[in-house]
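Counting starts at 1 for both ligands and their atoms, following the listed order. Values below: all heavy atoms of this structure, side chains included; hydrogens, waters and symmetry mates excluded. Quantities reported herein were computed from a predicted structural model and do not represent experimental measurements.
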Amino acid sequence: MLSYPKLHIFLCPTNFVGIGNVAERIFAGKWIAGARIEDALRRTRQLNALGMSAIINHIGEDLTDKHDIADAVSTNIRLIKEIKKAKLRASVSLKLTALGLRVSRAMARKNYSRIVVEARKRGVFVWLDAETQDTIDDAISIYEGQVARGGVGITVQAYLRRSGKNLERLAKRKAVVRIVKGAYSESGKIAFVTRKDTTANYRSLMHDAFSHLKEFTIATHDSSLIKEAMLLNRSHRRKVTYAMLNGIRNGYAAELAEQGNSVAIYVPFGTRWIDYSLRRLREESHLVLMFKSLLGG
Ligand SMILES: Cc1cc2nc3c(=O)[nH]c(=O)nc-3n(C[C@H](O)[C@H](O)[C@H](O)COP(=O)(O)OP(=O)(O)OC[C@H]3O[C@@H](n4cnc5c(N)ncnc54)[C@H](O)[C@@H]3O)c2cc1C
């Protein structure tokens, strides 16, 4: 298996525009729509034509340079305007650490609110990604400042032991929640570290969501969880969307959409693609499955 330092050398350029090498073709091409807003919009059009919506993410995290942060804000606002203009079925998903959380909570709150206000005017839904565990309290509190006015959702990670309590708190605020397994490396003290335990907690959160939430997204490629959610929804009749990452099991996602389910694909775009791609690689089974899917298409 590739070690991270080697991988960093392999992926060395931080901007994939014009790398034109194997890394660009494998990583950027497989998971990332491209470098520009137009690339994300093009992918969204394809998905819409297949009956699916997009959750578009301008890639970037842990930004501390004020110009980079300002660029992240203006890119997201431009994206929202383009989605509205092109009448696409798409939401946007934000990372608070791209909006200044590493500088100050106040900066992230202000930038998030600015984007949400612009999105609300245009009827574009805004998700908040879940990042490392040290950002979760801030994310919930910043989200809670906007949830009452609608049009916003937040992500809950099944691998965090505290997520059941967070979901309970969010349900009281009538939050819209996206449940994921969790993509970062967290310690066993605060997180479930095996896939089996994480999946068991996912299942538990999913049952809680069916009991207490009206609208939520089951974001996973795990067919057993998806099948169980579909079964539960026969009796609960909630507004459930099934979501997958761009380039992973998208054929299966299209089948679910064809069967009449609400399906969304998370579409990242932008030039800061290395961290995102490394997280996809770290997911052990994804690594094996990725090479299979690269070979098999
Ligand atoms: C829409 C969406 C949004 C996300 N947002 C966030 C976020 O904000 N924060 C965060 O921390 N994480 C996020 N994630 C990532 C998530 O946390 C997981 O890292 C990622 O989804 C992998 O977990 P899994 O649920 O697919 O389950 P896994 O346990 O990785 O996989 C379960 C099963 O799915 C199938 N499978 C998985 N990958 C493949 C493949 N490539 N080909 C074929 N079958 C496959 C296999 O059967 C596998 O056994 C998001 C994921 C999605 C889908």
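For CZ of Arg102, the number of neighbouring non-hydrogen atoms (other residues, nucleotides, ligands) closer than 6.0 Å is greater than 12. Taking a 6.0 Å sphere around CZ of Arg120, one finds it holds more than 12 heavy atoms contributed by other residues, nucleotides or ligands.
Taking distance alone, with nitrogen or oxygen atoms compared against 3.5 Å, Tyr184 stays at or beyond that limit from ligand 1. For a threshold of 3.5 Å applied to N or O pairs, the pair formed by Glu131 and ligand 1 contains no separation below that value. Considering backbone and side-chain N/O of Lys181, one or more are found under 3.5 Å from N/O of ligand 1. Some N or O of Ala183 is nearer than 3.5 Å to an N or O of ligand 1, by distance alone. Inclusion of Val180 in the set of residues having an N or O under 3.5 Å from an N or O of ligand 1 is not warranted. Residue Arg195 has at least one N or O atom closer than 3.5 Å to an N or O atom of ligand 1. Remark: ligand 1 and Ile55 share no N or O pair separated by less than 3.5 Å (distance only, no angle test).
Contact atoms of ligand 1 toward Met244: 1 (C), 53 (C) (distance under 4.0 Å to a heavy atom of the residue). Which parts of ligand 1 touch Leu245 is read off a 4.0 Å heavy-atom cut-off, strictly below it: atoms 2 (C), 50 (C), 51 (C), 52 (C), 53 (C). The Gly182 neighbourhood of ligand 1 comprises atoms 11 (O), 16 (C), 17 (O), 19 (O), with distances under 4.0 Å to a heavy atom of that residue. Taking a cut-off of under 4.0 Å to the non-hydrogen atoms of Tyr266, the atoms of ligand 1 that pass are 1 (C), 3 (C).
In this structure, Arg122 pairs ionically with Glu118, as a charged nitrogen and a carboxylate oxygen lie closer than 4.0 Å.
Not less than 6.0 angstrom separates the ring centroid of Tyr159 from the ring centroid of Tyr184.
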Audit row: Ser93, Arg178, side chain to side chain donor-acceptor pair (under 3.5 Å) steps and yes/no: CA-CA 11 Å; Ser93 205; Arg178 175 169 97 210; 3.1 Å; yes
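In this structure, Val103 shares a hydrophobic cluster with Leu63, Ile69, Met107, the cluster being traced through Ile, Leu, Val, Met, Phe, Trp and Tyr side chains under 4.5 angstrom apart.
Distances from ligand 1 to the non-hydrogen atoms of Arg178 include at least one value under 4.0 Å.
Looking at residues two or more places apart in sequence or on another chain, you find no salt bridge (Lys or Arg N to Asp or Glu O under 4.0 Å) involving Lys84.
Residues Trp127 and Val176 meet the side-chain proximity criterion, which asks for heavy atoms closer than 4.5 Å.
Among Ile248, Leu225, Asp222, the residue whose heavy atom sits closest to atom 33 (C) of ligand 1 is Asp222.
Put simply, the side chain of Arg238 gets close to the backbone of Phe210: a donor and an acceptor are under 3.5 Å apart.
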